[in-house]
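Only this structure's heavy atoms are used, side chains among them; waters, hydrogens and symmetry mates stay out.
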Amino acid sequence: YGLVNRVVPDETFAEDTAEWAASLAEGPTRAMALSKRAFNRALLSHLSHALTYTAYLQQVACRTEDHAEGVTAFLEKRPAKFVGR
């Protein structure tokens, strides 16, 4: 897709990749999966269909435990502890 989020030296590639993967695994994995679905769908459909699908996925995401945890953590000014549900 032509997207790059960082470039690292060959010498630190394995370490940097493992670090990044661990960081992603601690995040809201369910929301990331839904975002990936929306991105992939947007490539294959008209804008109106992509927006409708994105709105649907936002409704799905708002009903997850991770969403509730994210909101609570934000209000309590603490790091969120996501569980993937």
Side-chain angles (χ1 to χ4, degrees):
Y1 300 110
L3 300 175
V4 174
N5 77 341
R6 76 180 70 165
V7 175
V8 298
D10 289 343
E11 302 80 39
T12 62
F13 179 76
E15 180 183 332
D16 291 341
T17 302
E19 197 175 287
W20 184 46
S23 171
L24 289 174
E26 290 177 3
T29 54
R30 178 79 187 235
M32 287 187 269
L34 294 172
S35 296
K36 185 176 177 181
R37 282 186 186 187
F39 182 78
N40 289 334
R41 174 72 68 97
L43 294 174
L44 303 173
S45 65
H46 296 284
L47 178 60
S48 62
H49 296 137
L51 293 175
T52 300
Y53 188 63
T54 299
Y56 163 74
L57 292 178
Q58 287 177 3
Q59 291 175 355
V60 170
C62 286
R63 291 190 296 261
T64 64
E65 290 178 36
D66 280 352
H67 177 267
E69 167 59 13
V71 171
T72 301
F74 175 80
L75 293 173
E76 294 176 355
K77 297 181 178 16
R78 63 170 172 80
K81 296 175 186 158
F82 299 113
V83 295
R85 293 186 298 256

Student: Pairs under 3.5 angstrom only: tabulate donor-acceptor contacts from the side chains of residues 23-36 to other protein residues two or more places apart or in another chain.
Tutor:
from : atom 1 : to  : atom 2 : distance (Å)
S35  : OG     : A31 : O      : 3.0

Student: Measuring from atom CG of L51 to atom CZ of R41, what distance do you get when rounded to the nearest 0.5 angstrom?
Tutor: 12.5 Å

Student: Supply the members, apart from F13, of the Ile/Leu/Val/Met/Phe/Trp/Tyr cluster built from side-chain contacts under 4.5 Å; use none for a lone residue.
Tutor: V8

Student: For residues 53-72, dump all side-chain donor-acceptor pairs below 3.5 Å to protein atoms at least two apart in sequence or in another chain.
Tutor:
from : atom 1 : to  : atom 2 : distance (Å)
T54  : OG1    : A50 : O      : 2.8
T64  : OG1    : A61 : O      : 2.8
T64  : OG1    : H67 : N      : 3.1
E65  : OE1    : R85 : NE     : 3.4
E65  : OE2    : R85 : NE     : 3.4
D66  : OD1    : V83 : N      : 2.8
D66  : OD1    : G84 : N      : 3.3
D66  : OD2    : G84 : N      : 3.0
E69  : OE1    : R78 : NH2    : 3.2
E69  : OE2    : R78 : NH1    : 2.7
E69  : OE2    : R78 : NH2    : 3.4
E69  : OE2    : K81 : N      : 2.9
T72  : OG1    : A68 : O      : 2.9

